Each structure stands twice: as C-alpha cells, then as structure tokens.
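Whatever order the structure lists them in is the order used to number ligands and atoms, beginning at 1. Owing to the predicted nature of the structure, the values given are computational and were not obtained by experimental measurement.
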Amino acid sequence: MTYVRPIPLADATRPEGALPLAGGPLFFDRVEILERGRPPVVLPAAELDAATLAPLTAPRPPVAGLAMDRPQIMGILNVTPDSFSDGGRFAALPEALAQAQALVAAGADILDIGGESTRPGAVEVEPAEEIRRTAPVIEMLRGQGIAVPVSIDTRKAPVAEAALKAGADLVNDVAALTWDAGLAAVAATREAPVCLMHAQGTPQTMQADPRYDDVLLDVYDWLAERIRAAEAAGIPRARIVTDPGIGFGKTLEHNLALLRRLSLFHGLGCPILLGASRKRFIGTLAGEPLADRRMAGSVAVALAGAAQGAQILRVHDVRETRQALILWQAITREAAETAAERRQA
Ligand code: HH2
C-alpha cells in the first residue's frame, strides 16, 4: 500500500499548476509517495489522478464555526490540579474565567477546557469530578458573553454531555472514541464535531516503551480506522478533526517523524489539529526541564505545523503564537493576497 504526502511550498511563489492544500492557504506541486520499508519517492502532483488528489486539495468545511482555510489557535485551559504545565493554576472558577478572558484577548480562536490531566502517569478522574471541574466553567464563560467556540477535552460520555449542555461546541477526545463506548453517540446525537487523537496505550502506561512498525504510517492507518468507526457511529467526516497525538505513546524520534511529515494526514480528508505545546520532547531537545519555559520551542513547533497546513494549533502561549503566526503569514503570502484580506477585515 502506498501513501501520498503533499509537500507544501514554503514561500509565496505559486508555480503554474500548483494546487491548494486542503483548500489553502498553502499550495503544493509535488508529493512524496511513502511505502513501508521503502525510501520516499518524490513526484510532480500533476502525475496523480483526480481521486487521489481530491482529499488533499478539497476545502475543509468550518469546524464549530471556525474557518479551516487558515491556522486557528486553540488556547488551553486546564481546570485540573495536576496538569503538567498549568496544573492547579486555574482550578477555581474565578481564575478559570480570568484565564479564559486572557486567552481570548490574546487571540485564541477556540478554547479547549480539560478537567483530567492526560500527562504521562496521570491518574484517572471520576466522571462526576470531571463534570464538577468543567461544566460550571463553560456555563460561566457563556454567561459572561465569551462567544468563542469551546472544546471539551474528555474521553468520557457524561463529561462531554454535561459540557455540551453547558455550551461547549466540540469534543476533543485523546482516545479517539475508544475509551468510552457511549461518547460517539453523544457527539452524533448532539451533532458536535469531534477531534480524534492518536494515542498508544493509556496515560498511565503510554511512555513505558512505545513501539511502531513505521510511526507515521501506523498512526495514519489507526486514524483512518477511527474515522471510519466515527462515521459508522453517525459522525460525518465533515465534523471530524484528526490529531497525531504528539507525546501520547511516542518517543522523541516518533514525535519528530510525525512533525516532519505532518502534511501526510491531509490525505484523511479532515482538518489536522497539532498539540505540541510545552511537551517533554521540546524540553529534551532544548535542555529545558521546566514546562513553562518551553514557550519559544513551542512556538517554533506550532509554526512548523502551520507550514505543513495544520488547521488548529493547540497551545498554552496564545499571545506569542498569534504574533509568530501573523509574521509567518505576512512573509509567506503574496502581498496582493494580504492586502485584499486586510481590506476585507
Ligand atoms: N495534549 C494534551 C491534552 N489534550 N488534545 C489533543 N487533541 N491533542 C493534544 O496533543 C493534547 C490534547 C496534553 O497537554 P495538556 O492539556 O497541556 O496537559 P495535561 O494533559 O497534563 O492536562
């Protein structure tokens, strides 16, 4: 079996015949053909047939009201006592609300609210406790007129149900609907978009000794299977986002292999979410043991994701990521396009 990875053009030039990557803003005119056990082969995109090109080029419908034709920033709000980076800081309601407001003011397009840490070694939280942590925050955000879409970061049906009732718009499941058999039905019934993230193992065990035949292709096949399962459960592809799950059962080399060829996942026909913010591999490479001092590395990874066409960047450092994206976009687009956009804004 072969896999096709579009190779995004890195700058503002648009060679004759270049194709939009997932509807834009990036373009590609070459692809890499990947096969297990073989070195990649680069081909002109023009040599592929229309059926192969369709999922790579088709515009993605908006998700929770967010346009998918540009990178959108998902600000992380963990209302947990034990998250690896911001645990305990926003667990009380007033702090959570203030942080949500700060993230929106800093440029978050969507907020991701989590009431259970999934860091390596984290212990499971009872659904009732997870609901107690998350639903009131979402209700309060809505009550205070914070209008940005809200995502609930949970593996559990009752938690998602309570969050959606409280005003959440999207279900972000780090287990891709494999943890709780009831979660798919909740998302399907409520017509909520879902993020399906790849993980190997559970948070308790996932970093013990993760192994793959070919990490990139194994994660791709697994996500393809999870998309089929979600569709069978009544969640249409238009409401599915995929995520390779950086740091979830992956070594440093696994994470890098996924980031280097992230654009492969456009072949799944769904928007790509990338969550690498402050994660351990950044600390390992940069020699920074403290998670909250990994902002610069996190921004670099977010930009690398944007350059591969990732549509949603899940980050702690919203202000810095927004600034970096504005500059990257200004430099990598044609002046005419940028001027037209400014006029529209
Ligand atoms: N990473 C974390 C949690 N949720 N969701 C998606 N879709 N993708 C990710 O990469 C992802 C995620 C872990 O990060 P964080 O929320 O900062 O920490 P913790 O799990 O300790 O709360």
**Study point:** Ala276 N/O to ligand 1 N/O under 3.5 Å
**Key:** no
Exercise for review: Please confirm whether Phe84 comes within less than 3.5 Å of ligand 1 when only nitrogen or oxygen atoms on both sides are compared.
Suggested key: yes
Review point. Asp109 and Arg70: salt bridge (charged side-chain N to carboxylate O under 4.0 Å, His left out), yes or no, with the steps?
Key: CA-CA 11 Å; Asp109 300 299; Arg70 72 196 82 135; over 6 Å; no
Please report which non-hydrogen protein atom sits nearest to [atom], along with the residue it belongs to and the distance in Å to one decimal place.
atom	result
atom 21 (O) of ligand 1	Ser117 OG, 2.7 Å
atom 6 (C) of ligand 1	Asp243 OD2, 3.1 Å
atom 2 (C) of ligand 1	Arg314 NH1, 3.4 Å
atom 20 (O) of ligand 1	Thr118 N, 2.7 Å

Sub-4.0 Å atoms of ligand 1 with respect to non-hydrogen atoms of [X]:
X	result
Asn78	15 (P), 16 (O), 17 (O), 18 (O), 22 (O)
Val174	4 (N), 5 (N), 12 (C)
Cys195	7 (N)

For the residue pair [Y] / [X], report whether a side-chain donor-acceptor contact shorter than 3.5 Å exists.
X	Y	result
Thr80	Asn78	no
Glu130	Thr154	yes
Ser263	His266	no

Exercise for review: Nearest heavy atom to atom 4 (N) of ligand 1 wins, so pick from Leu77, Asp153, Val315.
Suggested key: Asp153
Check your understanding: Taking atom 10 (O) of ligand 1 as the point of reference, which of Lys279, Met197, His316 owns the nearest heavy atom?
Key -> Lys279
Practice item. Kindly say whether Leu48 contributes a backbone atom to a donor-acceptor pair with the side chain of Thr52 at under 3.5 angstrom? Key: no
Review point. Side chain of Lys250, backbone of Gly245: donor and acceptor closer than 3.5 Å?
Key: yes
Looking only at heavy atoms, is any part of [X] under 4.0 Å from ligand 1, and if so is it the side chain, the backbone, or both, or is it neither?
X	value
Asp112	neither
Asn172	side chain
Arg119	both
Ser83	both
Arg278	neither
Thr80	neither

Point to revise | Residue that, paired with Glu161, satisfies side chain to side chain contact (heavy atoms under 4.5 Å, CB included) out of Thr189, Val186, Val171, Ile152 | key: Val186
Exercise for review: Output yes when Arg36 and Asp218 qualify as a salt bridge under the 4.0 Å nitrogen-oxygen rule, no when they do not.
Suggested key: yes
Check your understanding: Given side chains that start at C-beta, do those of Val174 and Asp243 come closer than 4.5 Å, heavy atoms only?
Key -> no
Check your understanding: So do Ile227 and Arg237 actually touch side chain to side chain, heavy atoms under 4.5 Å?
Key -> yes
Check your understanding: Does even one non-hydrogen atom of Gly114 get within less than 4.0 Å of ligand 1?
Key -> no
Exercise for review: Establish, yes or no, whether a centroid distance under 6.0 Å links the rings of His198 and Phe248.
Suggested key: no
